[in-house]
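All remarks here apply to the structure that follows.
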Amino acid sequence: MKNRLRVLRAERRWSQAELGERVGVSRQAINAVETSKHDPSLTLAFALAEAFELKIEDVFDPKGDPD
């Protein structure tokens, strides 16, 4: 699933570890989602969108090809 996590993190100058702490998962989990190696659970997808104060569809595009 295509996502904008890397861009959104860069805009806020957050590391993967910091984003992981904000949503309650490991840096490795953030990396796996960010690189499209793993699709997030619905709970994690909503938590990530909330961390960026965006709607889930502004972070993830289920119809888009991964980067």
Side-chain angles (χ1 to χ4, degrees):
M1 175 179 343
K2 187 173 181 176
N3 67 71
R4 299 180 51 227
L5 291 179
R6 183 171 293 161
V7 171
L8 294 168
R9 272 193 320 98
E11 289 173 354
R12 288 157 181 81
R13 296 186 178 139
W14 293 348
S15 67
Q16 289 179 340
E18 185 174 355
L19 178 56
E21 287 177 21
R22 289 172 181 266
V23 298
V25 299
S26 68
R27 178 204 60 80
Q28 292 88 344
I30 296 297
N31 181 269
V33 173
E34 194 172 277
T35 58
S36 300
K37 292 179 182 169
H38 176 74
D39 286 338
S41 67
L42 192 53
T43 302
L44 178 55
F46 274 108
L48 289 164
E50 186 176 312
F52 293 113
E53 299 179 345
L54 295 171
K55 294 184 285 186
I56 196 167
E57 59 268 22
D58 293 334
V59 179
F60 296 95
D61 181 7
K63 296 179 184 173
D65 293 327
D67 288 336

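Computed from a prediction, not measured in an experiment: that's the story for all the values here.
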Open item on the list: Please say yes or no: joined through hydrophobic side-chain contacts below 4.5 Å, possibly via intermediate residues, are Val7 and Val59 part of one cluster?
Closed with: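 Hydrophobic grouping puts Val7 apart from Val59.
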Is a donor on one side and an acceptor on the other found under 3.5 Å between the side chain of [X] and the backbone of [Y]?
X: Arg9; Y: Trp14; value: yes
X: Arg6; Y: Glu34; value: no
X: Asn3; Y: Phe60; value: no

[atom2] on [Y] to [atom1] on [X], rounded to 0.5 Å:
X: Leu5; Y: Asn31; atom1: CG; atom2: CG; value: 10.5 Å
X: Arg4; Y: Asp58; atom1: CZ; atom2: CG; value: 7.0 Å
X: Thr35; Y: Ile30; atom1: OG1; atom2: CD1; value: 11.0 Å
X: Arg12; Y: Arg22; atom1: CZ; atom2: CZ; value: 9.5 Å
X: Arg27; Y: Gln16; atom1: CZ; atom2: CD; value: 6.0 Å
X: Thr43; Y: Leu48; atom1: OG1; atom2: CG; value: 11.0 Å

- [ ] Can you see which heavy atom on Ala51 is nearest to which on Leu19, and at what distance?
- [x]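 Ala51 and Leu19 have their closest heavy atoms at CB-CD1, 4.2 Å.
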How about [atom1] on [X], more than 12 heavy atoms from neighbouring residues, nucleotides or ligands closer than 6.0 Å, or not?
X: Phe46; atom1: CZ; result: no
X: Gln28; atom1: CD; result: yes
X: Glu57; atom1: CD; result: yes

